[in-house]
There are 2 protein chains.
Amino acid sequence: MHPLLAYLRRFVPTLTEAEWQLLAGAVRPCHLARGQHFVRAGEHRPEIALLLRGNCRLYYLRPGGEERTTYFFFENHLLADYAGCLLGQPSQLNIQALTEAELLVFDYAVLRRLYDECPAYERFGRVLAEYHLLGTDARLTEQLLLSPEERYRALLASGKTKILERIPQHLVANYLGVTPVSLSRIRARVARER
Amino acid sequence: MHPLLAYLRRFVPTLTEAEWQLLAGAVRPCHLARGQHFVRAGEHRPEIALLLRGNCRLYYLRPGGEERTTYFFFENHLLADYAGCLLGQPSQLNIQALTEAELLVFDYAVLRRLYDECPAYERFGRVLAEYHLLGTDARLTEQLLLSPEERYRALLASGKTKILERIPQHLVANYLGVTPVSLSRIRARVARER
DNA sequence: CGCGTTTCTTAGCTTTTGTTATCGTCGGGA
DNA sequence: TCCCGACGATAACAAAAGCTAAGAAACGCG
């Protein structure tokens, strides 16, 4: 099965072949070299991409030019400047390939039109937004409820081993909301007590 | 105009009177006394409420029984255990009235059925989730990018004066992810330098 | 009006984090 | 093979936050 169709059906199991064809023609492959950007702050890039292979990071530039990585993308996840798509504004964020990456890309405008023309896609849009809202909300709650050390332990305990296995530690530190030095100390503390 | 209809039309301007009638019959008023809960952790309460008057807080219970407030609701905002509605699970969170409050309530099951039966409501569900996702995402980003003092300054600079004017400071501290004592020090620092 | 609760500030002390810098290791590229 | 850059651990110091406690001010309620 086409990987994007499989992705859509995870959210809308009833999506028919005919409905899929409404989007299929707009999909094009895309390759990113390691270090290459999918979108940079200031650009407007109203495109949605399914990551087939490799991984990417989402980061912001702080005043002074310092980078802060807040999210990671792995195989079979969507990546996009979602806020930029919804608001029609330039991106605030940067998405960059951490490894070579293969994508399937389509214009947000196509999906937006399908929202009007086909209820199955409107449903997809709803369920997708709901799904991401749950994830973002859980992560915000974790930030507000847990200390840095507790957040690191929670990451250890959670199923997200891909982050710890495949992402450089100083980026994981950003993701947890601490400095790389601090995460190194936390790791030493946690390791010591076992 | 009925306040809930006005709310729906902020997200779906084309909603017709006939479509509104599909939901209108399921809506009932609800009153909360100061301190009373709309939902408590452990309960399942698959209901959506529009807050007409008063304000409420959303908080979690940490191990040990300590409360951590992470969100505030004001007039003309929806409140619900959204995750519990979507997942059909008991609530992880608590929503409590900080003042006397007037609500309009309807069952999530009704909205869920309208998703299937009426495209206008499916659209409402999508746009609502997208809107909340943008807000939650912005707040998560703020947590990851800004220091506590920067977050307080950002709250001062943002339009959310209602939070600072109408919410006790120790709850605002929770909302910003710091202790009440620490927020008091931050305020002293910020005030000193002007 | 008076009393008690809530709210906020301040202080002293401890713990953690941020900052800067150094060092060792690893890996890719010339 | 050599060199340079990226990555991570560690140390020393400064800054900030957490914790506990005490006191002042504001508020609600009887």
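Here is how names work: the chains are called A, B, and so on, in the same order as the sequence lines, proteins then strands, and each is numbered from 1. Given the structure is predicted, the values throughout are model-derived calculations rather than measurements.
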Query raised in the report: Would one find a side-chain N or O of B:T179 under 4.0 angstrom from OP1 or OP2 of D:dA17?
Result: no
Pairs under 3.5 Å (N/O, protein and nucleotides 4-15 of chain D):
from: D:dG8; atom 1: OP1; to: A:Q169; atom 2: N; distance (Å): 2.8
from: D:dG8; atom 1: OP2; to: A:Q169; atom 2: N; distance (Å): 3.0
from: D:dG8; atom 1: OP2; to: A:H170; atom 2: N; distance (Å): 3.1
from: D:dG8; atom 1: OP2; to: A:H170; atom 2: ND1; distance (Å): 3.2
from: D:dA9; atom 1: OP1; to: A:R187; atom 2: NH2; distance (Å): 3.4
from: D:dA9; atom 1: OP2; to: A:Q169; atom 2: NE2; distance (Å): 2.6
from: D:dA9; atom 1: OP2; to: A:S184; atom 2: OG; distance (Å): 2.9
from: D:dA9; atom 1: O5'; to: A:S184; atom 2: OG; distance (Å): 3.4

Query raised in the report: Would B:Y7 and B:I48 show up in the same hydrophobic cluster when neighbours are defined by side-chain heavy atoms closer than 4.5 Å?
Result: yes
Query raised in the report: Are the charged groups of A:E122 and B:R126 less than 4.0 angstrom apart, N to O?
Result: yes
Requested in this report: Check whether more than 12 heavy atoms from other residues, nucleotides or ligands sit under 6.0 Å from atom CD of A:E142, and answer yes or no.
Outcome: yes
Query - Between P of D:dA16 and CG of B:L176, the distance in whole Å - result: 17 Å
Requested in this report: Can you sort out the partners of A:R45 under salt bridge (charged side-chain N to carboxylate O under 4.0 Å, His left out), two or more places apart, ordered by chain and number?
Outcome: A:E47
Report task. Enumerate the residues from residues 57-65 of chain B whose closest heavy atom to DNA chain C is under 4.0 Å, giving them by residue number; use none for an empty result. Result -> none
Would you tabulate the nitrogen or oxygen pairs shorter than 3.5 Å linking the protein to nucleotides 27-30 of chain C?
none

Query raised in the report: Quick one: B:E66 CD to D:dC19 P, roughly how many Å, whole number?
Result: 7 Å
Query raised in the report: Hey, mind stepping through A:R57 and A:T69 against side-chain hydrogen bond (donor to acceptor under 3.5 Å, both in side chains) and telling me if it holds?
Result: CA-CA 7 Å; A:R57 68 173 178 134; A:T69 299; 2.8 Å; yes
Requested in this report: Mind calculating the distance between OH (B:Y152) and C1' (C:dC8) to the nearest angstrom?
Outcome: 12 Å
Requested in this report: For B:R40, look at atom CZ and say whether over 12 heavy atoms of other residues, nucleotides or ligands are found less than 6.0 Å away.
Outcome: no
Query - Heavy-atom side-chain proximity of B:L104 to B:L52 below 4.5 angstrom - result: yes
Query raised in the report: With the threshold set at 4.0 Å, does a side-chain nitrogen-carboxylate oxygen contact exist between A:R113 and A:D107?
Result: no
Requested in this report: Answer yes or no: does a side-chain N or O of B:R189 lie under 4.0 Å from OP1 or OP2 of C:dT9?
Outcome: no
Report task. Could you check how far CG of B:L98 sits from P of D:dG28, rounded to whole Å? Result -> 14 Å
Requested in this report: Please write out which residues are connected to B:Y59 in a hydrophobic cluster, directly or through intermediates, given that two of Ile, Leu, Val, Met, Phe, Trp, Tyr count as joined at side-chain heavy-atom separations below 4.5 angstrom.
Outcome: B:L61
Query raised in the report: Looking only at side chains, do A:Q89 and A:H44 share a donor and an acceptor under 3.5 Å apart?
Result: no
Query raised in the report: Are B:L146 and A:Y71 connected in the hydrophobic side-chain network, where two residues link if heavy atoms are under 4.5 Å apart?
Result: yes
Report task. Using whole Å, report how far CG of B:L146 lies from P of D:dA17. Result -> 12 Å
Report summary line: Rounding to the nearest 10°, end axes of the helix from C:dC1-D:dG30 to C:dA30-D:dT1 built from five pairs each make an angle of 40°
Requested in this report: May I have the distance from B:E149 (atom CD) to C:dG18 (atom P), rounded to whole angstrom?
Outcome: 15 Å
Query raised in the report: Side chains of A:R53 and A:E100: does their closest heavy-atom pair fall under 4.5 Å?
Result: yes
Query raised in the report: Any ion pair linking A:E165 and A:K160 (charged N to carboxylate O, less than 4.0 Å)?
Result: no
